[in-house]
There are 2 protein chains.
Amino acid sequence: MATSDLIGEIRNSFDSLHASEAAIAQLVIDNPDRVTAMNISQLAEFSETSVATVVRFSKALGFKGYPDFRMALVGEVSRRNSTTGAISNLDGGITIDDSDEEIIRKIALADAIAIQSTAERLDVATFKKVVNAWGKARTVGIIGLASSGYVAMDLQLKLNRLGKPAIAWRDAHSALTSISLLNKGDVLVAVSHSGTTLDIVDVMNEFKARGVTIVLITNSHRSTSTTIADLTLYTSARETTFRSGATASRIAQLTVVDCLCVAMAQRNWSETKSALEISRAAVGSRSGKKVVTNKHPKPVKTRNQGGNK
Amino acid sequence: MATSDLIGEIRNSFDSLHASEAAIAQLVIDNPDRVTAMNISQLAEFSETSVATVVRFSKALGFKGYPDFRMALVGEVSRRNSTTGAISNLDGGITIDDSDEEIIRKIALADAIAIQSTAERLDVATFKKVVNAWGKARTVGIIGLASSGYVAMDLQLKLNRLGKPAIAWRDAHSALTSISLLNKGDVLVAVSHSGTTLDIVDVMNEFKARGVTIVLITNSHRSTSTTIADLTLYTSARETTFRSGATASRIAQLTVVDCLCVAMAQRNWSETKSALEISRAAVGSRSGKKVVTNKHPKPVKTRNQGGNK
DNA sequence: GTTTCTCAAGAAACTTTTTTTCATCGGCGA
DNA sequence: TCGCCGATGAAAAAAAGTTTCTTGAGAAAC
């Protein structure tokens with residue numbers, strides 16, 4: 001399993017790490033290549049912690065265990081040495097001196113990397129379980145606040161298009177007042193970048209008490225929500241200075257949601273319908289945008305045609 | 001031993017390998033990335049040999065043992081993918097036979113590429129004009145239908161955070177009834193993948209008649225909207241066989257919106273720093289994160305809290 | 001034709017590494 | 001001060017990897 005920006009990801013998770021885990025993290029950030037050469041006990045000794053803590057550290061970052069983490073690190077280091085540049089200058093977020101070109105380049109890169117590493121790190125077993133759970137549920141509830149609320153609504157739109165009853169809520173109160181809509185066997189999808197928002201935690205707890213299966217889409221490997229959720233899918237977006245990681249993570253969330261819906265569409269239709277119909281159903285947005293209007297033979301002149309930087 | 005071309009090296013050593021070792025070698029050459037995911041016994045089984053032979057194979061190649069070899073392979077594969085992978089295999093379409101892994105990979109790739117090429121092609125001159133227009137406007141109106149509506153709402157949220165009055169509409173009727181909110185010098189942002197939706201065109205025309213500056217974010221270079229708009233920013237999501245570009249384009253739209261907002265934030269750095277911090281603080285107070293300031297008596301278990309209203 | 005030798009290859013014993021479990025300790029609220 | 005919670009490391013358990021041992025096929029010698 002190779003990640004696109006492991007060091008950045010470690011830096012990003014720093015806050016959610018315990019003291020001794022953070023010590024390890026610092027060590028890894030400072031001497032990535034020395035660490036690649038160490039086995040778990042050596043790293044434990046080097047960091048003056050214990051092997052158990054190293055394992056916990058690896059898991060907190062979303063790896064299966066230490067060897068898993070180590071291999072990802074090897075990949076990263078190896079790539080770093082070969083490419084030089086590309087990844088490294090992503091490090092320092094956006095500064096006041098950046099030109100517009102740089103802003104665009106940096107944000108686009110951060111978004112693209114967030115998507116790629118989310119996809120690489122996505123646990124396919126959990127992914128399959130989520131799709132299955134959706135398939136079995138009579139109704140799917142979705143909750144997301146603020147930006148994540150739009151992801152929730154987007155998911156509702158997509159599920160509805162696939163013929164699956166789904167309701168998106170954008171605040172805890174609405175969700176809780178409609179709680180009787182979901183019952184045992186149904187699914188609640190919680191979308192939350194941090195996974196620590198109290199409203200989200202409340203809603204998850206209430207629905208879980210009803211026997212509803214809880215699916216969580218979050219960026220944090222260690223938050224209160226992950227312990228409540230039955231199935232958790234992680235996004236991998238890192239924070240930058242001027243722009244909270246939430247923005248990139250929302251984009252990653254959308255990608256995850258897209259993948260889930262396409263997979264679900266594929267499952268439901270593969271026997272009976274043609275591939276074209278799958279795509280039409282799975283696609284986010286036909287959105288009333290019929291291309292009929294283009295009959296007007298206006299000699300359209302495109303202003304910024306082909307403009308490159 | 002870190003080789004620059006491990007696969008080539010294996011090929012070289014082929015002659016000096018015994019029969020069953022050669023079988024392993026062939027396997028590694030053919031599926032390097034699958035092998036990186038295997039531990040010694042899995043590789044032994046996959047190659048229909050024994051673990052002992054795998055160890056001998058590793059040593060024959062000059063490694064200390066299997067883990068050593070495996071890590072070298074991880075490095076090699078990772079390097080390979082980073083240099084060649086990204087753009088080369090953008091076939092894109094999803095088929096009925098695709099595994100979940102392939103679905104995820106393809107969608108993520110399509111999204112990442114959409115973002116990157118949008119960023120590369122974005123016309124910076126227009127970009128600057130849009131940011132300036134926003135800066136001067138007293139109010140910014142935003143219209144987007146269906147999926148694009150979420151982008152519109154997201155933009156509203158971001159502008160509001162930056163202290164700029166903004167209203168997002170998700171249908172033509174709401175927009176037109178609130179038309180008096182915008183006047184000469186203000187800005188209407190229209191978000192539309194196809195750029196041909198009649199409702200959008202109507203709204204643009206009405207606002208333009210009032211002297212409002214029209215900004216269009218679209219994927220289509222040939223649509224009626226582009227002729228109406230004063231400033232057009234193009235996203236570059238390519239259509240693929242089985243998945244319309246709309247989904248990827250929405251993600252690209254978000255990236256564009258992000259870039260614009262960050263650029264705008266940067267223009268008035270000092271003011272926004274505090275504005276952002278204020279909004280962030282407002283959100284943060286509802287977070288159960290173990291920030292030191294949190295005095296909540298019970299951070300997690302909110303089972304019977306309030307409950308049914 | 002039989003015997004013996006050699007050596008690749010797998011099985012099994014053994015070692016190392018990693019993971020899990022469990023007890024401890026220190027901080028924090030009551 | 002007491003009791004609870006949770007981070008931490010020690011130690012037991014499990015997994016992965018390595019070495020040794022045995023087998024058996026083929027070649028060479030008798």
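In what follows, every chain begins at residue 1, and chains take the letters A, B, ... in the order their sequences are listed.
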Just the rounded figure in Å: distance from [atom2] of [N] to [atom1] of [X].
X: Arg70(B); N: dT17(C); atom1: CZ; atom2: C1'; result: 13 Å
X: Glu48(B); N: dA9(C); atom1: CD; atom2: C1'; result: 14 Å
X: Asn39(A); N: dT19(C); atom1: CG; atom2: C1'; result: 14 Å
X: Leu17(B); N: dA9(C); atom1: CG; atom2: P; result: 10 Å
X: Met71(B); N: dG17(D); atom1: CE; atom2: C1'; result: 14 Å
X: Leu43(A); N: dT18(C); atom1: CG; atom2: C1'; result: 13 Å
X: Ile24(B); N: dA8(C); atom1: CD1; atom2: P; result: 14 Å

request  = Look at all strands and tell whether Ala44(A) reaches a base, only sugar-phosphate, or nothing, counting heavy atoms closer than 4.0 Å.
outcome  =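 Ala44(A): no heavy atom of the nucleic acid under 4.0 Å.
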
ask   = Is there a donor-acceptor contact under 3.5 Å from the side chain of Thr213(A) to the main chain of Gly185(A)?
value =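 Pair absent, no side-chain N/O of Thr213(A) close to backbone of Gly185(A).
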
inquiry  = I'd like to know if the side chain of Asn31(A) and the backbone of Arg34(A) have a donor-acceptor N/O pair within less than 3.5 Å.
reply    =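 Between the backbone of Arg34(A) and the side chain of Asn31(A) there is no qualifying donor-acceptor contact (under 3.5 Å).
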
ask   = How long is the gap from NZ on Lys64(A) to OG on Ser58(A), to the nearest 0.5 Å?
value =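 Here the rounded value is 12.0 Å.
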
Distances under 3.5 Å only, N/O to N/O: pair up the protein atoms with those of nucleotides 18-22 of chain D.
{"from": "dT18(D)", "atom 1": "OP2", "to": "Tyr66(B)", "atom 2": "N", "distance (Å)": "3.1"}
{"from": "dT19(D)", "atom 1": "OP2", "to": "Lys59(B)", "atom 2": "NZ", "distance (Å)": "2.1"}

message = Tell me if the aromatic rings of Phe69(A) and Phe57(A) count as close, with their centers under 6.0 Å from one another.
response =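 Yes, the ring of Phe69(A) comes within the 6.0 Å limit of the ring of Phe57(A), centre to centre.
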
ask   = Is it true that Arg105(B) and Glu120(A) make a salt bridge, defined as a side-chain N closer than 4.0 Å to a carboxylate O?
value =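 No.
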
key: Salt bridge flag under 4.0 Å for residues Asp230(A) and Lys129(A)   =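 Salt bridge between Asp230(A) and Lys129(A), a charged N being under 4.0 Å from a carboxylate O: no.
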
Please check the phosphate of [N] (OP1 and OP2 only) for any side-chain N or O of [X] closer than 4.0 Å.
X: Ser50(B); N: dA11(C); value: no
X: Ser20(A); N: dT8(D); value: yes
X: His18(A); N: dT8(D); value: yes
X: Ser41(A); N: dT17(C); value: no

For Glu21(B), salt bridge (Lys or Arg N to Asp or Glu O under 4.0 Å) partners two or more places apart =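 Glu21(B): no salt bridge (Lys or Arg N to Asp or Glu O under 4.0 Å) contacts found.
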
